[in-house]
Structure formats: structure tokens, C-alpha cells
Amino acid sequence: MKRIYLDYAATTPVDTEVLALMTQIWQDDFGNPSSIYAEGRKARMIIENARKTIAHGLNASIGEIFFTSCGTEGNNMAIKNAVRDLGVEVIISAPTEHHSVWHSLLAVERDYGVEVIYLDVDDKGRIDIVQLKSLLETTTRKVLVSLMYVNNELGTIHPIQAIADLAKAHGAYFHTDAVQAVGSYDIDVQATPISFLTCSAHKFHGPKGVGFIYINGNNIIKPLLDGGAQERNMRSGTENTAQIAGLALAFRKALDSRKERMAHISQLRTYLKNKLTEMIPDVQFHGDEQGLQHPKILSISLPENAKTEILLFNLDIHGICASGGSACSSGVESASHVLEAIGLPENRRALRVSLSHLTTLEELDRFVDVLLKVKG
Ligand code: PLP
């Protein structure tokens, strides 16, 4: 039985060209990028070309891109540096952010006495922009707004342009966790005033363990790691040349084929949604279905019964990989804070299906057949 992977928001397989490039670099271009002889200079060139690719794709300066180990690192950096180095005393965020943001917020609250204000969200995971505006108008202290681009459990998209414009108009910094958005959307940091933007390669067919943070050039922050002063002293440690090159290639391929990939995914999503609605009358969908929604994520819920309790387990036995709540929390199935924030009733069982350009209609047909069998 060929297994069916429907969890592309958790991670994606590495693109074959990306894999080939990384293998070649691991084999041939293993010099330390800080070494001054030819092998080192070659590795340095690979990294700087990768930085150029990323900067070009975001309309940023090359000096504003710093490679990291993952999205979690970037989110920790943005929040903790903004507090430590930029004098941020208040952070406005939402209860639907990823753990790497939420737990960083708890840390700066605890360690620096920062006030964290969580905006209200509705049943689709949408923030209240009027509430954000009035908070920005009334707060006199230095503010960071931290709101994700695409929600990883619902696919709901925050209105990034409006948020960024509001933050700028009120002299606040703006951080967006764009881990689920990079590669899918055209992000232009000249047109959208963003202070910090974070990304992770493994969400768009790049390798795990590498990402980047964009830090607007006006924000002078100090490094969290002290050492050999790599990444212009922002992140010491010998750079992971092959993975950085893999990140850049995956990023470029995602942007180059963005329109086709998104069209394919949107078509599949509509097909799946229609089929589920037809076959399972009591199914519900939980993203911003009529509004700003990433098509790759379909958040579903079913009425709870003895069988839905073990739904993921049964899907797995039938060869299907899907996820319940957040798949990023180390294999532990705990109640999802996102589903709680949108008020999902306790008697509904949630399931997240996430798609990619590799997904086929046949896979979705099989998924629905199996779901009908195992849902009770
Ligand atoms: N932010 C969001 C929205 C995510 O979905 C994830 C991972 O799923 C992360 C951050 C963390 O990224 P990483 O796994 O690279 O640390």
C-alpha cells in the first residue's frame, strides 16, 4: 500500500533538485566559509549567493537577511531581541500564534516584565483590526505587534498589509511569523513595512534545520550567540553551506512556480471540500473559508464519537498521514490552543489536511474513502 501524505503544513519532502545541489555541496564544497583559501571562498560565495536570492525575492537588502536554524529560532530572536535591544515594553499578539511565538511571549513576560496583550479572534481565527488600532492609539509605551502571516492549523491569513501599515503609523515594530507563507505569497518588504519576518525551509520543499530572519536595516539588535562573528556578528557558528544553498534554491523554485502550485492546490482543496460536504453532512470547516485563506490547509471537524477519538491512529493504519492539532509539538497530542481560541466545541474532533503541488486527486479520493470508513 502506497502511503498518502496529507500533512504538508507539518513538513514537506525535499525537492529532488534541492537534494542534488545539497549533496554536491556536501561532497565538494565542504570548506569552512570563514577560511581564506579557495575552498573557504567558494563556500562563502555559495552562502552570499543564497542571501542574494532571498533578499531579491523579498525586495530586501542583502544586509537584512540572516540565516538561522529554523523558524523557531527566528521567532525567538525577533521577540527577545525587540525587547532586549529595542526597548519594547508591550507586545500585541493573538492567542492563535505558533508555540515558538507564544512561548517566547511568555518568556519575555516572565523575564522582562513585558506586557503581552492578546487580540480577540473569532471562530475563523481572524483578529479584530479595530481592536488593534485602538490599542495602538492608546498605548504610549514602545510596542511590538507580533502576528503570523498564515495560521498553521487553520490556514487563516492575517491582513498583513493593514497590520504593517497600522504598526508603522503608530511607531510600533511589526514581526510576522511567515513560516507557512514564504514561497506561497509575494512578499515585498519595501511595500509592506515589516520589522522582522521569519521563515523555515522545510515548509516549501527545502531541508529541515535551516531558515532565515529578515530584520529591517533600521533595527539595530545585538546577537544572542557570542562566538566567531559569522552572519555579520548576528549569529555566530560555522554556517551550514549546503542547507543554506538548499533553502535558497527551494525558495526560488517556490516563487518561480508559485502561481501554478497555488492554482493546483486551490483546485484540489475545492474538490476535497465539495466531496467531504457531499459525503459527510455534519462536517465543518474552520478557516476563513470565504475570506483570506491559504488553500493548502483544510481544517475539518467531525462530531466526536468513540471512533473519532482514534481517528488519526486509524488513518495512519490505512496509510494516511494527517494531523489533529499542531503537528509541531514533538509528537505529543495535547489540546490545541488554536482550536481552543476559536472556540471549537469540545464535542467536535478536528483534523487538519494540508496539501502541496505533489498532491493528486486520487490521493484525495482515497483519503475520503478511508475517512468514511473510520470516522464512525
Ligand atoms: N511557525 C509556524 C507558523 C509553523 O507552522 C512552524 C512549524 O510548523 C514554526 C513556526 C516552527 O518552524 P520550525 O519547525 O522551522 O522551527
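When a ligand or atom number is given, it counts from 1 through the structure's own listing order.
Which parts of ligand 1 touch Cys70 is read off a 4.0 Å heavy-atom cut-off, strictly below it: atoms 13 (P), 15 (O), 16 (O). Listed by atom number, the atoms of ligand 1 under 4.0 Å from Thr72 heavy atoms are 11 (C), 12 (O), 13 (P), 16 (O). Each of the atoms 13 (P), 14 (O), 15 (O) of ligand 1 lies under 4.0 Å from some heavy atom of His202. Ligand-side atoms of ligand 1 in range of Met148: 3 (C), range being under 4.0 angstrom from any heavy atom. Under a 4.0 Å criterion applied to the non-hydrogen atoms of Ser200, ligand 1 contributes the atoms 13 (P), 15 (O). In summary, the atoms of ligand 1 found under 4.0 Å from a heavy atom of Ser100, numbered by their order in the structure, are 10 (C).
Contact record, Gly206 with Thr12: N-OG1, 4.4 Å, taken as the closest heavy-atom pair.
Below 30°, between 30° and 60°, or above 60°: for His103 and His99 the angle between ring planes is between 30° and 60°, a tilted geometry.
Considering backbone and side-chain N/O atoms, Gly71 comes within less than 3.5 Å of an N/O atom of ligand 1.
One option in Glu153, Gln180, His99 has a heavy atom closer to atom 5 (O) of ligand 1 than any other, and that option is Gln180.
At least one heavy atom of Lys203 sits closer than 4.0 Å to an atom of ligand 1. Taking a 4.0 Å cut-off on heavy atoms, Asn75 registers as neighbouring ligand 1.
When only modelled atom types and interatomic distance are considered, His294 and Ser184 share a side-chain donor-acceptor pair under 3.5 Å.
A salt bridge is defined here as a Lys NZ or Arg NE, NH1 or NH2 lying under 4.0 Å from an Asp or Glu carboxylate O, and Lys133 with Glu137 meets this definition. Of the charged side-chain nitrogens involved, at least one lies within less than 4.0 Å of a carboxylate oxygen, so that Asp316 and Arg3 count as a salt-bridged pair.
Under the rule for a salt bridge (charged side-chain N to carboxylate O under 4.0 Å, His left out), the partners of Glu17 that lie at least two apart in sequence or sit in another chain are Lys253.
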Please list, one pair per line, the donor and acceptor atoms closer than 3.5 Å that link side chains of residues 237-245 to other protein atoms, with sequence neighbours excluded.
{"residue": "Glu239", "atom": "OE2", "partner": "Arg44", "partner atom": "NH2", "Å": "3.1"}
{"residue": "Gln243", "atom": "NE2", "partner": "Lys208", "partner atom": "O", "Å": "2.7"}

